[in-house]
Amino acid sequence: MRVLSGIQPSGSLHIGNFFGMMRSMIGWQAKSELFCFIVNLHALTSVNDGPLLARNTLEAAMDFLALGLDPDKCWFWVQGDVAEHSELTWILHNFTSMGLLERSHSYKDKISRGLVPNHGLFAYPVLMAADILLYQANLVPVGQDQKQHLEITRDIAGTFNHVFGPTFVLPEAGIDETLATIPGLDGQKMSKSYNNAINIFISKEELRKRVMAIVTDARAVEDIKDPDNCNLFAIFRLFLSPESEAELRERYLRPGLKYGEVKKELVETIWNYFAPYRAARADLVSRPDFVRDILQEGARKARLVAQQTLAVVRAKVGLNY
Ligand code: ADP
Ligand code: TRP
């Protein structure tokens with residue numbers, strides 16, 4: 001089975017990315033053909049600062065490697081290093097109806113948050129479809145917010161297959177429903193672009209500041225609390241075994257719980273959880289060329305697969321003369 005997913009280097013990676021996508025991707029490397037990439041072309045739709053994008057791209061790769069992605073067990077590369085993504089995108093534009101893109105929630109959300117839309121943002125799902133179809137992926141592990149993008153991908157693939165006969169595998173979204181949307185400090189979806197994230201690799205002082213900023217309700221210490229509508233609980237449970245989660249839930253349901261104390265415990269828990277990976281990351285940061293070499297080799301391997309699909313597509317649509 002082929003499993004594939006990508007992540008945008010539009011900012012530092014956070015625990016929503018980790019639990020929503022990175023952890024399951026790393027788990028797949030032992031049991032599937034795994035394709036994992038950094039989607040810097042997608043990030044161009046929101047980042048207009050060249051040096052920043054370049055730095056975030058390398059850092060996203062370092063994060064993945066530090067957290068356990070093994071480039072010998074998967075295909076790991078940067079999207080913009082494999083030109084076939086862009087070429088297939090152009091071909092797929094011609095099998096994508098305007099209405100399909102106009103209905104995109106992600107596009108509408110971004111506009112409602114004040115982003116001035118350009119054509120790249122509008123066409124974003126077509127590039128994502130090309131990313132997936134180029135590698136004939138069966139399963140795409142993503143968070144809930146990407147579900148519609150997968151539906152758009154299947155729609156485009158279906159249209160192409162209808163016109164030219166079976167060509168593309170129709171991929172399934174792999175969404176872990178128990179983790180589907182991890183809230184940020186303010187209770188909205190944690191996102192790199194909403195300034196509400198807890199980043200994976202930050203200093204302890206920064207971690208403390210972020211955790212202390214998690215918004216909680218105004219119940220008094222002696223009140224019983226509501227774990228199911230508490231942002232702090234929703235974040236804390238990600239790091240807990242089922243038994244520890246049940247214990248924390250009980251503490252919420254007894255008078256006397258102080259959110260400030262739970263926050264202090266959460267700082268220590270997050271800090272310890274990522275401790276084993278921090279040393280690996282520091283090592284990679286000191287060897288950027290080593291990481292660049294891994295990505296170049298990954299791009300070479302990815303291109304071999306991408307070229308096979310593209311050769312078939314080019315022949316079918318009539319680009320060979
Ligand atoms: P961001 O919104 O932070 O820019 P991306 O859009 O790059 O994140 O998402 C990368 C991956 O992480 C996607 O699969 C996405 O669904 C997942 N993801 C991002 N934020 C969350 C979240 N808050 N909860 C669950 N998954 C998330
Ligand atoms: N749109 C995805 C996100 O924001 C990133 C992405 C780009 C992706 N291409 C992909 C995810 C292909 C899965 C497969 O998270």
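Note that the numbering runs from 1 along the sequence shown for the chain. Both counts, for ligands and for their atoms, begin at 1 and track the order of listing. The basis for the numbers below is simple: all heavy atoms, side chains too, and nothing from hydrogens, waters or symmetry mates.
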Sub-3.5 Å pairs, protein N or O with ligand 2 N or O:
{"from": "ligand 2", "atom 1": "1 (N)", "to": "Y124", "atom 2": "OH", "distance (Å)": "2.7"}
{"from": "ligand 2", "atom 1": "1 (N)", "to": "Q146", "atom 2": "OE1", "distance (Å)": "2.9"}
{"from": "ligand 2", "atom 1": "4 (O)", "to": "Q8", "atom 2": "NE2", "distance (Å)": "3.3"}
{"from": "ligand 2", "atom 1": "4 (O)", "to": "Y124", "atom 2": "OH", "distance (Å)": "3.0"}
{"from": "ligand 2", "atom 1": "4 (O)", "to": "Q146", "atom 2": "NE2", "distance (Å)": "3.3"}
{"from": "ligand 2", "atom 1": "9 (N)", "to": "D131", "atom 2": "OD2", "distance (Å)": "2.6"}
{"from": "ligand 2", "atom 1": "15 (O)", "to": "Q146", "atom 2": "NE2", "distance (Å)": "3.4"}

Aromatic ring pairing H42/Y124, orientation class (parallel under 30°, perpendicular over 60°, tilted between): tilted

With S12 via side chain to side chain contact (heavy atoms under 4.5 Å, CB included) - residues at least two apart: N199

Distance from atom 27 (C) of ligand 1 to nearest protein heavy atom, with residue and atom: G16 O, 3.5 Å

Give every donor-acceptor pair under 3.5 Å between a side-chain atom in residues 162-177 and any protein atom, sequence neighbours left out.
{"from": "T167", "atom 1": "OG1", "to": "G165", "atom 2": "O", "distance (Å)": "2.7"}
{"from": "T167", "atom 1": "OG1", "to": "K316", "atom 2": "NZ", "distance (Å)": "2.9"}
{"from": "D176", "atom 1": "OD1", "to": "T178", "atom 2": "N", "distance (Å)": "3.0"}
{"from": "D176", "atom 1": "OD1", "to": "T178", "atom 2": "OG1", "distance (Å)": "2.7"}

Protein heavy atom at shortest distance from atom 14 (O) of ligand 1: G143 N, 3.2 Å

E261 with K264: basic N within carboxylate O range, under 4.0 Å: no

Closest approach of any protein heavy atom to atom 15 (C) of ligand 1, naming residue and atom: D145 OD1, 3.5 Å

Side chains of Y194 and R113, donor plus acceptor under 3.5 Å: yes

Pair D228 + R249, salt bridge at N-O below 4.0 Å: yes

Heavy atom of the protein closest to atom 12 (O) of ligand 1 (residue, atom name, distance): N17 ND2, 3.2 Å

Closest approach of any protein heavy atom to atom 7 (O) of ligand 1, naming residue and atom: K192 NZ, 2.5 Å

Residue portion contacting ligand 1 (non-hydrogen atoms closer than 4.0 Å) for I182: both

Modelled atom types, side-chain donor and acceptor of D63 and Y277, under 3.5 Å: no

Ligand 1 atoms in contact with K189 (distance to a heavy atom under 4.0 Å): 2 (O), 19 (C), 20 (N), 21 (C), 23 (N)

Q8 and ligand 1 - part of the residue with a heavy-atom distance under 4.0 Å: both

Q146, portion touching ligand 1 at heavy-atom distance under 4.0 Å: side chain

Aromatic plane relationship, W77 with F35 - under 30° parallel, 30 to 60° tilted, over 60° perpendicular: perpendicular

Which residue and heavy atom of the protein sit nearest atom 25 (C) of ligand 1, plus the separation: A180 O, 3.3 Å

Any donor-acceptor N or O pair under 3.5 Å, side chains S191, S193: yes

Enumerated ligand 1 atoms positioned under 4.0 Å from heavy atoms of H14: 3 (O), 20 (N)

SB check R103 E151 (cutoff 4.0 Å): no

Numbering as shown, the atoms of ligand 1 that approach M190 to under 4.0 Å (heavy-atom distance): 20 (N), 21 (C), 22 (C), 23 (N)

Short N-O contact, E206 and R210, less than 4.0 angstrom: yes

Element-labelled atoms of ligand 1 that are located less than 4.0 Å from some non-hydrogen atom of G20: 25 (C), 26 (N)

Side chain, backbone, both or neither: the part of M22 lying under 4.0 Å from ligand 1 by heavy atom: neither

Remaining members of the apolar cluster that contains L44, side-chain heavy atoms under 4.5 Å: L41, V47, L52, L53, L127

For the student: nearest non-hydrogen atoms of G68 and Q29, plus distance: O-NE2, 3.0 Å

